[in-house]
Protein chains: 2
Amino acid sequence: MAAASSRRKVTSSAALVSHDVQSRLKGDILDGRFPPGSKLGTALLQETYEASVGTLREALSHLRSEGLVEMEAGRGFRVAPVSAEDLRDVSALYIEFEERAAVDSVRHGGDAWETDVLTSFHRLARIEALPREERIQRSSEWLLCHRAFHDALVSGCRSRWLLRLRAPLYDHMERYRLLSQKHRPLSMHKRREHELIREAALSRRAEEVGELLRQHLEETTQTVLRHAPQFMPGAG
Amino acid sequence: MAAASSRRKVTSSAALVSHDVQSRLKGDILDGRFPPGSKLGTALLQETYEASVGTLREALSHLRSEGLVEMEAGRGFRVAPVSAEDLRDVSALYIEFEERAAVDSVRHGGDAWETDVLTSFHRLARIEALPREERIQRSSEWLLCHRAFHDALVSGCRSRWLLRLRAPLYDHMERYRLLSQKHRPLSMHKRREHELIREAALSRRAEEVGELLRQHLEETTQTVLRHAPQFMPGAG
DNA sequence: CTTTAAAAAACTTTCGAAACTCTGTTGCGT
DNA sequence: ACGCAACAGAGTTTCGAAAGTTTTTTAAAG
């Protein structure tokens, strides 16, 4: 009841349950609900997402090529494992790509880019301004906004391939961040950093954006690495 | 008839028709049998590869995330289009990754790496030494050996992620090369270049390997770009 | 003759069951 | 008791048909 569906399917568009399952599964892997290395059996997934085997398989197949899921022929799927080494590897490349894409965006981004940065920052800032309590409660919303802000920053980059390759790296970084987050206090000073980045970006100070981003991301990685032993079974 | 299957499935290993279909389909896209932009309809594929819809879908799904296939919800799959701009983009990143991975391999590769480079070069050289006629006839074999040589060169790289991201770029480069090959004479001087690269690699002259590789690859890209108008519908 | 709307054909997407493979167990032989 | 082989259970992989969209065709009205 309530409001009848107010959104109109103008031309059509894609319900596509396969895509929906993929998103949810990805989310559940990123936030550790399916821990690294755990088995993704047919029965369990079918029960969890209420989709058929084929549909699940398609979603898993896609996640596999993003490196979040591994497959052993005849033995099904598992969540990709984590390790300090892998984190350092992912992180180094991600930071580099992000910096390059952001610098290029600042130098060549158009009106659409500026608008994107502005609005996505605004949304992020609103959540980050909240008191700690509420900020934690709405953390899934923060995740979306944080991703949107970083995506917006690099969205002006002229190399489609650099952006394409960056995407899965962001996911892996987010997984590591979330896995470690349960074992450490929430850092609240990122808010200021985001503000500085936005400021530099909109003022078209490319070099400075690169510097700030690199610092911002490297610090995050260090923090996560510091707490690695607590969420990675056999990591020193 | 002939020899009964002499290969033993020791522990098992993966028949996995899905993987097989994927390989063949990828090959057919790379060599232009399915031209850029062409539709990959269910019926056609089912007839070509003799697999069920679900299996096809899984293969397509995987190829999609490598960027060789595109999907529009509700409208099925198409072969990814080509353009001069895309080629320049892919090429720049591929060259950079290849150079970095190769240099790292030369500096840190162990015995296994050396052996790989040695044997894969040997196989490649044997084919490239053939007279033009035969060399062309066995071009599919050359493709495999060429790929194996380049893979071997970078296989010592310590960054798993750099290698992982490099892989799909190689495929795209190969597609462009093959598409343009029908419109230009086969260049025969690559043979010497491969030899120089092998020499420098096994002598652990990292810088030189990087230089040679970059030149080698950049020249290829330029050659392909020069013939672009002939195989890209609307490219200048 | 053009435009619009309804019906049909073609196609994509999803499903659930059949076929097959792996894993752990039980029973037999040494 | 130990090792090996056949057996049973669980799980993965593949298939072909049903359900749902998009595109084309057809027909009617302006």
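This one's a predicted model, so the numbers in the text were calculated from it and none came from an experiment.
If you measure from atom CG of A/L56 to atom P of D/dT14, you get 15 Å, rounded to the nearest angstrom.
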Seminar exercise, completed: 5' to 3', nucleotides 9-16 of chain C under a 4.0 Å protein heavy-atom cut-off (B base, S sugar-phosphate only, - none) gives ---SBBB-

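Judged as a side chain to side chain contact (heavy atoms under 4.5 Å, CB included), and not counting sequence neighbours, the contacts of B/S159 are A/D89, A/L93, B/C157, B/W161, B/L162. Applying the salt bridge (Lys or Arg N to Asp or Glu O under 4.0 Å) criterion to A/E134, with sequence neighbours excluded, gives A/R138.
A donor-acceptor pair under 3.5 Å links the side-chain atoms of B/Y176 to the main chain of B/S83, judged by distance alone.
A tilted orientation is assigned to the rings of B/H150 and B/Y170, their planes being inclined by 30° to 60°.
Between atom CZ of residue A/R126 and atom CD of residue A/E141 there is a gap of 9.0 Å, rounded to the nearest 0.5 Å.
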